[in-house]
Amino acid sequence: MKILSAKQLKEADEKTMETEGISSTRLMERAASLVFNEIHERLEGADINIKIFCGIGNNGGDGLVVARLLHKYGYRVEVYVVNYSDKRSDDFLVNYDRYKKESNTWPELIKRKEDFPEISPGDFVVDAIFGIGLNRPAEGWLAELLRHINESEAFCLAVDMPSGLFPDKVPAGDAAVIKANYTLTFQTPKIVFYLPETMGFAGEVQILDIGLDRSFLKDVKPLAQLIGKREARQLYKPRNKNTHKGDYGHCLVVGGSYGKIGSILLSSRSSLRAGAGLCSIFSPKCGYDILQTNLPEAMVITDEDANELTNIETDLEPDVICFGMGAGKSTKTVKAFKALLESTKNPMLIDADGLNMLSENNELLDYLPKNSVLTPHPKELERLIGKWEDDFDKMKKIEDFTNKYKVILVLKGAHTFVFSGKHTYINNSGNAGMATAGSGDVLSGIIAGLMSQKYEPLVGAILGVYLHGLSGDICAEKLGFEAMLSGDISDKLGAAFLALMKDEKGR
């Protein structure tokens, strides 16, 4: 699913009105009616206080449509117009009059702190103050109103976007922003719903298809792509019956050091679970017994050194090398890594200490094979590209880095991002239980296993991240968040592949 900018969404509105021959008021009615439908479906006529805060622009107009429809269906509705300017949008004025006419009540005006209504924890609050139209921080009594809503502890539903949140930048640390429990957003998700610094404001996000012009949406270049089940299914390559293990590639996992053999065991097992036909492991001698005992499906080759990597030489010709997990950063290991980079032509997957070696020895970056996949967590990323001001600055620095070195970068997080030059993909599977030791090692193995099967590195990264999260979601259903281990994620990959191919009816 495409993620668009506020400007692009405005253009989509205009194109829709032109193509369909409808007014902006009619389009607003269509969009806000969907918000009402979602609220009505969940509340089912519940006798609770619904307090709707409407700005004086189009987001406020949406709120007035919702208020009118809720009133029509017998809900106890109180409407407050947040009067932060003398200007009103035309669609706000139309729906203001409609609300007054059909409800026989006047919305209450908020112009100062003394006008704030009391909000109880049991109230249902609808935030329709700013939407995506905000271009400067809320100040004075307006900022206090947003904090007043947050402090009430009432359930808060934001229409399109929580008020105080910008669509294209991170608010200052002390800025007032609505912290919604739930956000109903129009047509496409907004990128700030997935950035670490801002995702906490939106709560659970649901996207409402308001029927904007399909041809425009098809042709417009997005800020990013949100990867869900539908998108991931399109990347999957089904297997032919008349095949053998050689058709699915050979993955070589290189890493480990004394006390850190578990990491490459996790990666190797996951590469096989992801479908690699063959997996070999190159480790120090100290890993031999552990690996042979715990993963008999893999072949094990050892370094001449007992405890660390010093000379990575084999007669193998793997389709992909997965490097770095548990490798350490000794001088001998860095030297061995450089030699490996110089001799490798196929795209590699580099994680963990491999990334740290690149950070501490920048000249090694020039030896990276084109289209290699790097899988840092945020701290590893900082060591690679330097500090950033905010999440938008971070994404710009990553774009520059991936363009310069012609690599794919997978930034792990609550929503893992995949970057390839100017293209950004945001994963929408996974859960908090996956924040556990070894989860990243499993992810590296999955992506490498897909790359060994001739998935293009970018496709392997996108699909691998989604399957990793989907497997974690399946684990969470069985184990909860706290009890999940990274090995569980690897073991449920088969179930993830099956779930990927099922339709909404489970077929």
Side-chain angles (χ1 to χ4, degrees), residues 1-19 24-25 27-28 30-32 34-35 54-63 65 82 84-85 87-92 127-138 142 146 157-172 175-178 180 183-203 205-226 390-396 399 415 417 422-424 426:
M1 180 180 292
K2 291 182 177 181
I3 295 177
L4 304 182
S5 68
K7 181 183 178 201
Q8 289 171 319
L9 285 166
K10 183 178 179 181
E11 291 171 354
D13 284 349
E14 292 169 351
K15 182 66 175 177
T16 303
M17 290 184 286
E18 176 188 335
T19 303
S24 57
T25 305
L27 184 59
M28 178 177 288
R30 186 160 85 190
L34 293 176
V35 175
C54 300
I56 51 180
N58 285 347
N59 195 236
D62 292 326
V65 174
V82 183
Y84 53 80
S85 169
K87 297 179 180 178
R88 278 121 169 86
S89 76
D90 292 340
D91 289 329
F92 169 86
D127 163 30
I129 302 173
F130 293 131
I132 62 173
L134 187 68
N135 54 24
R136 56 192 174 92
L142 186 53
L146 303 187
L157 181 143
V159 177
D160 206 19
M161 178 176 287
S163 292
L165 187 62
F166 301 102
D168 56 1
K169 62 182 177 180
V170 176
V177 181
I178 289 291
T183 298
L184 291 172
T185 197
F186 297 137
Q187 198 61 56
T188 72
K190 282 60 176 176
I191 197 164
V192 288
F193 296 163
Y194 307 101
L195 299 175
E197 291 179 305
T198 51
M199 62 180 289
F201 294 112
V205 175
Q206 182 179 343
I207 300 153
L208 301 178
D209 185 346
I210 62 173
L212 296 185
D213 188 78
R214 298 300 178 194
S215 61
F216 178 91
L217 296 176
K218 179 177 178 291
D219 295 337
V220 68
K221 182 181 178 182
L223 294 175
Q225 292 267 15
L226 184 67
D390 57 34
D391 283 336
F392 284 95
D393 182 47
K394 175 178 66 181
M395 290 194 293
K396 180 63 173 66
E399 179 184 323
H415 287 282
F417 282 55
K422 293 184 178 295
H423 301 285
T424 304
I426 304 174

- Neighbour count above 12 (heavy atom, 6.0 Å) for Asp168 CG: yes

- Query: Side chains of Leu223 and Met395: closer than 4.5 Å at any heavy-atom pair?
  - Reply: no

- Query: Any donor-acceptor pair under 3.5 Å linking the side chain of Asn59 with the backbone of Ile132?
  - Reply: no

- Message: Between Ile129 and Leu146, does the side-chain contact (heavy atoms from CB on, under 4.5 Å) criterion hold? Intermediate values first, please.
- Response: CA-CA 10 Å; Ile129 302 173; Leu146 303 187; 3.8 Å; yes

- Which residues satisfy the side chain to side chain contact (heavy atoms under 4.5 Å, CB included) test with Arg88, sequence neighbours excluded? Ile56, Asn83, Phe92, Leu93, Leu109

- Message: Could you report the tightest heavy-atom contact between Ala202 and Thr183, atom names first, then the distance?
- Response: O-OG1, 2.7 Å

- Message: Using modelled atom types and a 3.5 Å cut-off, is there a donor and acceptor pairing between side-chain atoms of Lys2 and backbone atoms of Lys218?
- Response: yes

- Task: Write down the atom of Ser85, the atom of Lys87, and the distance for their closest heavy-atom approach.
- Result: OG-N, 3.1 Å

- Note on the structure: Residues at least two apart in sequence or cross-chain that pass side chain to side chain contact (heavy atoms under 4.5 Å, CB included) with Ser215, listed by chain then number, are Asp213

- Task: Taking side chain to side chain contact (heavy atoms under 4.5 Å, CB included) as the test, write out the residues that go with Thr25, two or more places apart.
- Result: Ser23, Asp91, Val94, Asn95, Arg98

- Tell me, please, which residues at least two apart from Asp393 pass side chain to side chain contact (heavy atoms under 4.5 Å, CB included). Trp388, Glu389, Asp390, Lys397

- Note on the structure: To the nearest 0.5 Å, atom OG of Ser5 lies from atom CD of Glu11 at 7.0 Å

- Query: Quick one: salt bridge (charged side-chain N to carboxylate O under 4.0 Å, His left out) partners of Asp219, sequence neighbours excluded?
  - Reply: none

- Message: Quick check: closest heavy atoms across Gly63 and Cys54, and the distance to 0.1 Å?
- Response: C-SG, 3.7 Å

- Between Lys422, Lys394, His423, which is the residue that forms a side-chain hydrogen bond (donor to acceptor under 3.5 Å, both in side chains) with Glu399? Lys422

- Criterion side-chain contact (heavy atoms from CB on, under 4.5 Å) against Phe130, the qualifying member of Val82, Leu142, Leu165: Leu142

- The reported gap from CZ in Arg214 to OG1 in Thr19 (rounded to nearest 0.5 angstrom) is 12.5 Å

- Note on the structure: Smallest heavy-atom separation, Pro171 atom then Phe201 atom, equals CG-CE1, 4.5 Å

For residues 188-200, please give each side-chain donor-acceptor pair under 3.5 Å, one per line with the distance, not counting sequence neighbours.
unit_1 : atom_1 : unit_2 : atom_2 : d
Lys190 : NZ     : Asp160 : OD1    : 3.0
Lys190 : NZ     : Thr185 : OG1    : 2.8
Lys190 : NZ     : Phe186 : O      : 3.0
Lys190 : NZ     : Thr188 : O      : 3.0
Glu197 : OE1    : Asp391 : N      : 2.7
Thr198 : OG1    : Val192 : O      : 2.6

- Between Gly131 and Ser163 the two heavy atoms that sit nearest each other are N-OG, 4.4 Å

- Query: Gln187 side chain to Leu212 main-chain N or O, any donor-acceptor pair under 3.5 Å?
  - Reply: yes

- Note on the structure: Looking only at heavy atoms, the pair that brings Pro222 and Leu4 closest together is CA-CD2, 3.9 Å

- Worked verdict on Leu27 versus Asp13 for side-chain contact (heavy atoms from CB on, under 4.5 Å): CA-CA 8 Å; Leu27 184 59; Asp13 284 349; 3.8 Å; yes

- Item | Ile210 CD1 to Thr16 OG1 distance, which is reported to the nearest 0.5 Å | 7.5 Å

